[in-house]
S.K.: 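I have a structure here, written as C-alpha cells, and I will follow up with some questions on it.
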Amino acid sequence: MAIEVIVKAAAGHPTILGDCPFSHRVLLTLEEKKIPYKLHLVDTSNKPQWFLEANPEGKVPVIRFGEDDKWIADSDVIVGILEEKLPDPPLATPPEFVSVGSKIFSAFIAFLKSKDPEDGSEQALIEELKALDDHLKVHGPYIAGEKVTAVDLSLAPKLLHLEIALGHFKGWPVPEEFTYVHNYTKLLFSKESFVKTKAAKEHVVAGWAPKVNP
C-alpha cells in the first residue's frame, strides 16, 4: 500500500512544511502508526493544476492509498479510514472522551481575532481550558488515560497554534494554574512524531497574521 498525502506548504516556502493543524493531525496519525508515506507540499495560496485535478475543492490534507485510488479529503474522514485499514497500533478514542477539548480551537480563534477586551472571548477560552484541565486531572496524563489516542492527535496541533499565536499577537500565555494542561502539552510536544511533523513557529505566526490583521 503506497500511501501519499498532500499537505500545506509554508507561505512563501514551497519546500517547507506549513502550518495547517488538520494536515499536522494526519501526519501525526501516520507517524504514530509507523506507516510509511510519501509527502507532497502544496502552496495553498497558489494551488497547482495537478492538485486541483486531484482534489477539485482544493482543501488540505488529502490522502490516497495507491496510484489507482481516489484522493480523500477531510482529516476526520482520513483518520477514520486509517484506523479502519491499519488498526495496529489502535488509536481510536473511547466514545465517552471523543468530544473532550473540542471547543478549544474555536474559542482560541474567537479570542485571537477579538479587538474588544470586554467581549467575553478570553473568559470563554479560559473556561474551555479549565474544563480540559479538570478532565486531565481525573483521567490523564492523556485524554483517555495512559495512552495517546486520536483525540490527542487532533488537539495537539491546535494547542500548538494556540500557544504560538496568542503568545505572539496578544502576549497571552495559558494560565499557570492549569498545571495538567501544561503537563499535557509538554508530553505531546516532546513526542518524536510531533517534533517531526510540526510547523516552525515563524510559519505558524505567518499563517495567522492575515486573519488577525485582515
Side-chain angles (χ1 to χ4, degrees), residues 1-44 51 55 59-66 71-93 101 104-105 108 136 140-168 174 181-208:
M1 191 185 298
I3 293 178
E4 296 178 78
V5 60
I6 303 174
V7 301
K8 181 184 178 184
H13 300 273
T15 61
I16 296 176
L17 186 64
D19 61 295
C20 170
F22 305 101
S23 295
H24 191 185
R25 174 194 184 188
V26 169
L27 296 181
L28 270 175
T29 304
L30 289 164
E31 291 289 338
E32 284 292 316
K33 284 185 171 288
K34 310 291 187 192
I35 301 169
Y37 59 93
K38 183 177 181 181
L39 185 66
H40 303 280
L41 301 176
V42 164
D43 179 356
T44 54
F51 172 62
N55 178 36
K59 295 180 179 179
V60 288
V62 289
I63 197 169
R64 71 176 177 181
F65 294 89
W71 289 97
I72 300 165
D74 189 298
S75 62
D76 283 336
V77 174
I78 292 169
V79 168
I81 292 172
L82 285 171
E83 191 64 31
E84 183 182 310
K85 284 181 176 285
L86 300 152
D88 188 42
L91 291 174
T93 304
I104 288 175
F105 196 55
F108 145 65
L136 292 168
Y142 297 107
I143 284 177
E146 293 296 325
K147 293 183 178 180
V148 162
T149 66
V151 68
D152 302 298
L153 303 183
S154 175
L155 194 52
K158 296 169 184 175
L159 290 172
L160 178 71
H161 280 243
L162 182 157
E163 184 178 286
I164 291 174
L166 289 179
H168 179 84
V174 173
V181 171
H182 280 285
N183 290 337
Y184 178 63
T185 55
K186 283 178 186 174
L187 271 176
L188 291 170
F189 294 178
S190 65
K191 288 184 73 65
E192 182 182 348
S193 60
F194 190 91
V195 174
K196 182 178 178 180
T197 56
K198 72 174 182 177
K201 180 178 180 179
E202 62 266 28
H203 299 313
V204 174
V205 169
W208 285 104

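Predicted model only: the values in this text are computed from it and were never measured.
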S.K.: Could you tell me which residues satisfy salt bridge (Lys or Arg N to Asp or Glu O under 4.0 Å) with Lys147, sequence neighbours excluded, listed by chain and number?
M.R.: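 With sequence neighbours excluded, Lys147 shows a salt bridge (Lys or Arg N to Asp or Glu O under 4.0 Å) to no residue whatsoever.
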
S.K.: So Leu30 and Val5, do their side chains get closer than 4.5 Å, heavy atoms only?
M.R.: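 Yes, close enough: below the 4.5 Å cut-off.
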
S.K.: Provide the closest heavy-atom pair for Ala150 versus Val79 in the form atom of the first, atom of the second, distance.
M.R.: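 Between these two residues, the closest heavy atoms are CB-CG1, 4.4 Å.
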
S.K.: Could you tell me if the side chain of Asn55 sits less than 4.5 Å from the side chain of Ile6, heavy atoms only?
M.R.: no

S.K.: Taking the side chain as C-beta and beyond, is there a heavy-atom pair between Thr185 and Val174 under 4.5 Å?
M.R.: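 Not in contact.
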
S.K.: Is Thr149 close to Asp152 at the side-chain level, that is, under 4.5 Å between some pair of heavy atoms?
M.R.: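 Yes; the side chains approach each other to less than 4.5 Å.
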
S.K.: Roughly how far, to the nearest 0.5 Å, is the NZ atom of Lys8 from the OG atom of Ser23?
M.R.: 8.5 Å

S.K.: Taking side chain as C-beta onward, heavy atoms only, is Leu86 less than 4.5 Å from Ile3?
M.R.: yes

S.K.: Hey, is the main chain of Ala73 close enough, under 3.5 Å, to the side chain of Lys59 for a donor-acceptor pair?
M.R.: no

S.K.: Taking C-beta and beyond as the side chain, do Ile81 and Ile63 meet within less than 4.5 Å on heavy atoms?
M.R.: no

S.K.: Check Ser193 against Glu32 and note the closest heavy-atom contact, atom names and distance.
M.R.: OG-OE2, 2.5 Å

S.K.: Any side-chain heavy-atom pair from Asp76 and Phe22 closer than 4.5 angstrom?
M.R.: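 No, too far: nothing below the 4.5 Å cut-off.
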
S.K.: Any side-chain heavy-atom pair from Phe194 and Glu31 closer than 4.5 angstrom?
M.R.: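 They are not in contact (no side-chain heavy atoms under 4.5 Å apart), so the answer is no.
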
S.K.: Show me the donor-acceptor pairs within less than 3.5 Å that the side chains of residues 154-168 make with the rest of the protein, sequence neighbours left out.
M.R.:
unit_1 : atom_1 : unit_2 : atom_2 : d
Ser154 : OG     : Lys158 : NZ     : 3.4
His161 : ND1    : Trp208 : NE1    : 2.8
His161 : NE2    : Asp19  : O      : 2.8

